[in-house]
Amino acid sequence: MDDWEPFAWLGPGAKLPFSEIWSTLLTKTEVGQPAGRFRPGYYFLKALEMAIWGTNVHLWYFFRTLEFTVFIASIWWITSRFVGIWPAAILLIPILAMPFWADVWARLGPSEAYGSGALGILLLGTYGVFAGQSTRVRCIGAIAITFATVILVGVKETLVPFAGLSVALLAIASARRLLSLPLAGSLVVVICGVTGAIMLVVQKTVSGGVDYYARPIELSSLTTIARSSLLHAISYWGPVYLAAGSALAMLERSRGQTLRRWALASLMTAAVFVFLVAMYVSQCVAYRGELPLNMRYDFPGGLFVPINYCLLSCYVAYMTRPYFAPWSNWVVIGAVILSGYLMIPKAAGQFRPLSLPKATFRNIERTDTFFRELQSIVTAAASSPGRPVILETYEPWSWAYEPVFALSTYLQALGAKNPVSIRMHAGDRASGALDEGLKQSIKKLQDDGSPKFVPLATSMAEMKDGCISVGINGPPVPECTGFAVKTE
């Protein structure tokens, strides 16, 4: 129900020409018409996909599968450089079993799908820069980092911290003379320019003291959440990394080695860990609570635990490689994962390998049910083009707001020419600031109409041949031809 927007962009023949992508972004999305958020990358990619794939849902899902593949393959490739191909595959299992993937990949709308694909490109680009054996490979890696970062900061505001990571990576690569200063500098300017422009627009949307969801932005509460999530992040992993580092240092000295190799590996591991902690904390602050939420908002902060499994395993495997046989990596990985699941609160509860397939089948059933009902509505509308379609909305209004736009868009895309109006059915349900704001927006559409909706009073005055009533999370009215759709 929340994937309806691309259908509103379709022109004659149910297509979006490439030549109209830019005008579509400026006239039909938040890129040109700010509405509390600013995600230019998300809407550009959506429009581009609509121009390429059209309404072929199979191609849309194929591309989502490709994005997921890139993300998983990037982690597998990098970890395999340290622990081996098959041990790295074991490290992927906790990542794949995370329950929030069900909310990312079972639908087409979530921006996190683009974010995961872009993050995979960033990781592969990083490997190319720091492990590439030629200038060409390193340059391609740097460009990949920049391209991926622009996508990340453009598809969702909570992914902006990756801009800082990318700038640091390019700066380090330039300092180590892996990249030329002009190339690295130019790419840093691109990243900072895009990120700065997006943050400037976002800052204006929160200048009123509330965020997009009408929640107050209070520094004291945000500080409390940041402190709590920081302690949660380091309470287990901090001592574990310190213990591992100390043991590996003693191993190096016992073998008559200096600590130079250990110091470099420990510094790199610590830097990655610090970024993981910062990413986790920033997302907890953004969503006003500690992860996991068991939904798409967990990406990527919800991967904190399984990614640390990978980081710690790679650190230990790299340091012990000269002294132990390759099979010892299996022992290391087993110990890291098992101890994490046993000792980290809620970690074991995040191992839900069946969440994604279950959500996929459930979404298929829901989509089939919805589409059959939608086709019935279109058939009824086509038989009497003069009858108005009344969308009956019920509380909570946050469950009704998106569906009224979705249904009106789908009806038009499927050829229905009937006027569409909204009728609200208010109850005694208590509502917060967000729901109250949506209520006022829906009421305005009901009373005054819009380019998509006819005022309810106008439709009521022209019901000579009856009406078509569509109950949204509630019953249709009995005096009209009735249909019902559910969003949950």
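If you're wondering where the values come from, they're calculated on a predicted model, not measured in any experiment.
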Checklist entry - Do the ring planes of Tyr341 and Tyr309 sit parallel (below 30°), tilted (30 to 60°) or perpendicular (above 60°)? => result perpendicular
Checklist entry - Out of curiosity, Thr320 OG1 to Glu252 CD, how far, rounded to the nearest 0.5 Å? => result 10.0 Å
Checklist entry - In terms of side-chain heavy atoms, does Trp4 have a donor or acceptor partner in Glu402 at a distance below 3.5 Å? => result yes
Next on the checklist: Would Arg64 and Tyr114 count as a cation-pi pair here, with the cationic atom under 6.0 angstrom from the ring centre and within 45° of the axis?
Outcome noted: yes
Next on the checklist: Is the terminal nitrogen or CZ of Arg176 (NZ for Lys, CZ for Arg) located under 6.0 angstrom from the six-membered ring centre of Phe130 and within 45° of that ring's axis?
Outcome noted: no
Item to check | Reported CD1-to-CG distance for the pair Ile333 and Leu91, which is rounded to 0.5 angstrom | outcome: 4.0 Å
Item to check | Crowding at CH2, Trp76 (>12 non-hydrogen neighbours, <6.0 Å) | outcome: no
Item to check | Among Leu25, Val31, Ile151, Thr24, side chain to side chain contact (heavy atoms under 4.5 Å, CB included) partner for Phe44 | outcome: Leu25
Next on the checklist: Please verify the inter-ring angle class for Phe304 with Trp237; under 30° counts as parallel, over 60° as perpendicular, anything in between as tilted.
Outcome noted: perpendicular
Next on the checklist: Is it true that Glu5 and Thr29 share a donor-acceptor pair across their side chains at a distance under 3.5 Å?
Outcome noted: no
Item to check | Tyr323 OH: over 12 foreign heavy atoms closer than 6.0 Å | outcome: yes
Checklist entry - Can you say whether the rings of Phe68 and Trp101 are parallel (under 30°), tilted (30 to 60°) or perpendicular (over 60°)? => result tilted
Next on the checklist: Taking ring-ring contact (aromatic ring centres under 6.0 Å, His included) as the criterion, tell me which of Phe405, Phe371, Phe7 meets it with Tyr410.
Outcome noted: Phe7
